[in-house]
Amino acid sequence: MKLADQILRDQMALDAALNDAEIAEMLEAYQYDEARILEGKALLNTLVLLNDLQDKEYGEQFDATDILNGTRQRAHDLYMKHLTLGRIAFEGKRGTAKRLQLNGPRQRGLSGWLTQAEVFYANLDGLETALAEYGVSSEELTQARELVASVGEALWKREQEQKEARESTRQRDAARKELKRWMRHFRQVARLALKDHAQKLESMGDGGEVIGGGGGDEPLGSA
């Protein structure tokens with residue numbers, strides 16, 4: 001069952017148990033009084049809040065990813081321009097080429113790319129005039145350095161948002177499992193208490209499954 005469907009079905013059952021005096025009376029005979037039913041309501045409310053939190057955390061993760069990708073692309077465009085001109089300006093200068101990591105392919109992974117870009121601009125100090133001969137201003141180099149630094153910051157931010165999103169999913173799934181266990185026992189008792197009142201069971205969103213059926217928790221599935 002999808003999470004939204006589970007929440008709606010459980011909400012229906014608990015509201016009926018709390019608001020229908022006849023259902024409440026029949027359940028109370030099995031020690032499911034208002035206070036006990038409110039325990040289930042609290043579990044449901046917790047799940048709703050944690051599900052909303054998970055949506056929020058994943059939204060923030062997506063935003064952080066978009067910022068990271070956009071910043072990296074802008075930094076990459078400048079870096080590749082400067083790298084190309086550096087290969088021209090420092091052709092035959094093996095020491096400089098080594099320091100700036102001019103040769104060889106660029107790393108595809110973000111962390112590898114970031115390391116290469118950081119090394120290039122850090123070791124470019126004192127060599128800017130060679131690039132100036134090809135139209136690269138000091139302001140443009142400053143912009144490139146700031147963009148590369150921003151990529152590092154955006155990467156850190158994205159990683160933090162990913163951790164928070166994963167933790168919000170863990171908490172939500174734990175709350176969902178706890179509610180499902182509570183509701184399974186509650187529904188089994190309700191089917192017994194209301195076995196001669198099919199319409200009352202239907203008002204609780206219960207299709208009248210066999211009492212005691214199903215021995216364990218259902219898989220969480222995707223939400």
Side-chain angles (χ1 to χ4, degrees), residues 1-20 23-24 27 32 34-76 108-114 146-191 201-209 213-223:
M1 183 183 296
K2 291 182 178 180
L3 179 56
D5 294 335
Q6 177 192 340
I7 289 174
L8 182 62
R9 184 169 182 252
D10 292 348
Q11 182 81 55
M12 183 184 301
L14 292 169
D15 284 348
L18 290 169
N19 299 323
D20 187 310
I23 292 176
L27 288 173
Y32 273 86
E34 181 180 10
R36 190 170 183 181
I37 295 170
L38 285 174
E39 292 175 5
K41 187 80 168 180
L43 293 176
L44 176 63
N45 291 339
T46 296
L47 175 58
V48 171
L49 289 174
L50 289 175
N51 189 53
D52 290 344
L53 175 62
Q54 194 223 26
D55 287 340
K56 171 181 174 291
E57 295 295 350
Y58 271 93
E60 292 176 354
Q61 177 189 315
F62 296 157
D63 287 343
T65 298
D66 291 343
I67 291 171
L68 172 60
N69 291 340
T71 304
R72 182 191 181 185
Q73 186 59 59
R74 293 193 299 275
H76 183 71
R108 290 182 175 273
L110 181 53
S111 59
W113 174 92
L114 182 59
E146 291 175 350
L147 280 171
V148 169
S150 294
V151 172
E153 295 167 2
L155 176 59
W156 180 87
K157 176 67 174 175
R158 200 271 301 273
E159 289 174 346
Q160 297 307 305
E161 295 297 349
Q162 285 178 328
K163 290 178 183 178
E164 292 175 8
R166 287 194 295 268
E167 175 60 18
S168 71
T169 299
R170 186 197 66 77
Q171 292 179 359
R172 185 211 56 186
D173 287 351
R176 184 180 187 185
K177 184 175 183 180
E178 185 177 5
L179 175 63
K180 289 179 77 172
R181 183 182 297 111
W182 194 96
M183 289 299 300
R184 186 178 69 250
H185 295 164
F186 172 68
R187 288 186 185 282
Q188 288 173 342
V189 170
R191 290 167 199 152
L201 275 175
E202 289 178 5
S203 73
M204 297 177 70
D206 196 314
E209 294 91 335
D217 290 331
E218 299 173 15
L220 288 180
S222 59

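Sequential numbering from 1 along the given sequence is applied to the chain's residues. Please read these numbers as outputs of a predicted model, since none were measured by experiment.
The closest side-chain heavy-atom distance from Glu164 to Glu60 is below 4.5 Å. In this structure the side chain of Arg187 never reaches within 4.5 angstrom of the side chain of Trp182, judged on heavy atoms. Residues Leu38 and Leu18 are in side-chain contact: their nearest non-hydrogen atoms beyond the backbone lie under 4.5 Å apart. Within the 4.5 Å cutoff, the side chain of Thr46 has no heavy atoms near those of the Leu49 side chain. Contact annotation: the side chain of Glu161 never approaches that of Arg166 to less than 4.5 Å [non-hydrogen atoms, C-beta and beyond]. Side-chain contact between Arg184 and Lys180 is absent, with no heavy-atom pair separated by less than 4.5 Å.
Contact detail for Leu68 and Leu155: the closest heavy-atom pair is CD1-N, 3.7 Å. Closest approach of Ala17 to Ile23, counting heavy atoms only: CA-CG2, 3.9 Å. Taking all atoms of both residues into account, the shortest heavy-atom contact from Leu201 to Arg191 is CD2-CA, 4.0 Å. Closest non-hydrogen pair, Lys41 versus Asp15, comes out as NZ-OD1, 2.6 Å. Considering every non-hydrogen atom in both Leu147 and Ala75, the closest pair reads CB-CB, 3.8 Å. For the residue pair Ala16 and Ser203, the shortest heavy atom distance occurs at CB-O, 3.9 Å.
From Ser168, atom OG reaches atom CD of Glu57 across 5.5 Å, with rounding to the nearest 0.5 Å. The CG atom of Leu47 sits 9.0 Å away from atom CG of Asp173, with the distance rounded to the nearest 0.5 Å. If you take CD on Gln54 and OG1 on Thr169, they are separated by 3.5 Å, rounding to the nearest 0.5 Å. Atom CZ of Phe186 and atom CD of Glu39 lie 11.5 Å apart (nearest 0.5 Å). One finds the OG atom of Ser150 at 14.5 Å from the CZ atom of Arg72 (value rounded to the nearest 0.5 Å). How far CD of Gln160 is from CD of Gln162: 9.5 Å, rounded to the nearest 0.5 Å.
Evaluated for a side-chain contact (heavy atoms from CB on, under 4.5 Å) with Ile7, the options Asp10, Asp5, Leu3 yield exactly one hit, Leu3. Tested against Leu14, the residues Asn19, Leu43, Leu44 include a single side-chain contact (heavy atoms from CB on, under 4.5 Å) partner, Leu44.
The cationic atom of Arg108 (NZ for Lys, CZ for Arg) does not lie both less than 6.0 Å from the six-membered ring centre of Trp113 and within 45° of the ring axis.
Although no hydrogens or angles enter the test, the distance criterion places no donor-acceptor pair under 3.5 Å between the side chain of Arg158 and the main chain of Ala64. Under a 3.5 Å cut-off, the side chain of Asp206 and the backbone N or O of Glu202 do not form any donor-acceptor pair.
Note on Lys157 versus Glu153: no salt bridge recorded, every NZ/NE/NH1/NH2 to OD/OE distance being 4.0 Å or above. Salt-bridge check for Lys163 with Glu159: failed, with every basic side-chain N at 4.0 Å or more from each acidic carboxylate O. Under the 4.0 Å criterion applied to side-chain N and carboxylate O atoms, Glu167 and Arg170 are assigned as salt-bridge partners.
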